[in-house]
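Sharing a structure below in structure tokens format, with a few things to ask.
Protein chains get the first letters and strands the later ones, always in sequence-line order, with residue 1 at the start of each. Worth saying up front: this structure is predicted, and the values here are computed from it rather than measured.
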Number of protein chains: 2
Amino acid sequence: MKQKPTESVILDAAMRVFTRKGFAATRTEEIAKEAGMNRALLHYYYRDKQTIFNLIFERRFSEFFKGLFIIFETDSPLFEKIEKMVDHEISTISQHPDLPRFILMEVAQHPERLIEYGQKLGLNPRIFLEQFEGQVQAEVRAGRIRPIEGRQLVINIMSLCMYPFVAKPIIKTMMQLDESKYFEMQERRKKEVYEFIIHAIKVSV
Amino acid sequence: MKQKPTESVILDAAMRVFTRKGFAATRTEEIAKEAGMNRALLHYYYRDKQTIFNLIFERRFSEFFKGLFIIFETDSPLFEKIEKMVDHEISTISQHPDLPRFILMEVAQHPERLIEYGQKLGLNPRIFLEQFEGQVQAEVRAGRIRPIEGRQLVINIMSLCMYPFVAKPIIKTMMQLDESKYFEMQERRKKEVYEFIIHAIKVSV
DNA sequence: CGCAATATTAACAATTTTGTTAAACAACCG
DNA sequence: CGGTTGTTTAACAAAATTGTTAATATTGCG
């Protein structure tokens, strides 16, 4: 029976609650309850709510962006890269389905954090983006894909992967899916989205 | 110099603040300031914060879903319908760019409202969805589009239209777009997304 | 004008949420 | 075992947020 150190019990609980509710709607009381302890203990280990939140935000921010950028970085051929991106995004986010909504919510409210934490992680979107745009334009010139702006393609890929998670409650309700049906739908999407994109850009033979 | 009735000055201010911040992060003080009045006056016209929020939510919920369902309802041919949907969504949401994020945030926190307000508006997603799936399957059988589940197509269309708004702050920062560049990008998307979808589903000739 | 009725505000009160303190408890070590 | 350290809690205090009230200002109308 290895008991986790209280610090990480707190952080794990805080992660769940903050991710579900966002900073503003989160009550420290709820974090404490989720961690099975008294509210005062949070303050014993961490100065205040904001301090805990910042730690969580950094963690989740990294989870959200790190994997994505790793794939941008690899120099596979375009189609392979897209396949990896789609598969990676849908797979990893499936295990943290409310991560995108959390990031979007908090970044929308404090856009300056995007720059701050982006630098902290050493992310440089400009470089990745330029590299990707170059790759796309090369394919276009080679006549393998129809003309498309690299950035529009990136936006399309991200949209197709992320939105179904962000809109999970709406999709579940409108399509009357329970948790497992929703999961199956996402599983099918790995193939569906990849093929959708390839057909969308490939020049017909 | 026609002065608007105080009720609607309040609601308009509340709409802006709630939409920007969501319920939990909104301070009644901020609504009052935005409306150019004393906080007490909000309570003179409306019982409390929650009452104001409910009015706003109903309004915005309707804005978000009503237009969408109208297009589902029309019986244009598939490609035309898709074109209308894409154009309509991107155009109308462009005028209310943070509407989708607001709806998603609040529905994620209170999914039961989706059903409640959906019924209030007389929306019946099941019927529209079945009708659309039928239309898609007919096209598939006719060999005009490649095999695809109707629901996956709906999700794809919505994703491509909505996500760029939901992720606006991230996209703006990562792609270094100012407000007008971002707007231009969305303008170009009307055509881009439509063509992307058509190529993705059309059987090559 | 003058007085209702309505609109608005400032000051106050209640509630909710956060943060602190001092005392109880537990673990470790001589 | 006794004392010392670090952990946890209950009770309290402070701050922030919301809601109320009573007094003031404004409007319209006889």
In this structure, how many angstroms lie between the P atom of dA23(D) and the CG atom of Asn38(B), rounded? 17 Å
Under 4.0 Å from OP1 or OP2 of dA7(C): is there any side-chain N or O of Thr6(B) that close?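 No.
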Has the side chain of Arg39(B) got a donor or acceptor that lies under 3.5 Å from a partner of the other kind on the base of dG19(D)? yes
Please give, in whole Å, the distance from dA7(C) P to Ile10(B) CD1? 11 Å
May I ask you to say what Asp48(A) touches in the nucleic acid, namely base, sugar-phosphate or nothing, with a heavy-atom cut-off under 4.0 Å?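 If one applies the 4.0 Å heavy-atom cut-off, Asp48(A) turns out to touch the sugar-phosphate alone, with no base involved.
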Shortest side-chain distance from Lys49(B), nucleotide among dT8(D), dT18(D), dT9(C): dT18(D)
Does Tyr45(A) reach a base, just sugar-phosphate, or nothing at all? Heavy atoms under 4.0 Å. sugar-phosphate
Whole-Å distance separating the CD atom of Glu29(B) from the P atom of dA10(C): 11 Å
Thinking salt bridges, do Glu187(B) and Lys190(B) make one under a 4.0 Å N-O criterion? yes
Can you measure His43(B) atom NE2 to dA22(D) atom C1' for me and round it to whole angstrom units?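 Nearest whole value for this atom pair: 16 Å.
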Are Phe132(A) and Phe128(A) an aromatic pair, judged by ring center distance below 6.0 Å? no
Any base atoms under 4.0 Å from Thr51(B), or only sugar-phosphate, or nothing? Heavy atoms, all strands. nothing
Using 0.5 Å steps for rounding, measure from the CD1 atom of Ile170(A) to the NZ atom of Lys172(A).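 With rounding to 0.5 Å, CD1 (Ile170(A)) is 13.0 Å from NZ (Lys172(A)).
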Rounded to whole angstrom units, what separation is found between the CD atom of Glu7(A) and the C1' atom of dT8(D)?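 My rounded result for the distance is 13 Å.
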Comparing nearest nucleotides in DNA chain D, the 5'-proximal residue of the pair Tyr44(A), Ala40(A) is Tyr44(A)
For atom CG of Leu41(B) and atom P of dT6(C), their distance in whole Å: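 After rounding, the reported distance stands at 15 Å.
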On the six-membered ring of Phe23(A), is Lys49(A) placed so that its NZ or CZ lies under 6.0 angstrom from the centre and within 45° of the ring axis? yes
OP1 or OP2 of dT18(C) sitting under 4.0 Å from any side-chain N/O of Thr28(A)? yes
Here the distance between atom C1' of dT18(C) and atom CD1 of Ile52(A), to the nearest Å, is 11 Å
From CG of Leu42(B) across to P of dG19(D) the rounded distance in Å is 10 Å
Phe102(A) and Phe18(A) aromatic centres sub-6.0 Å: no
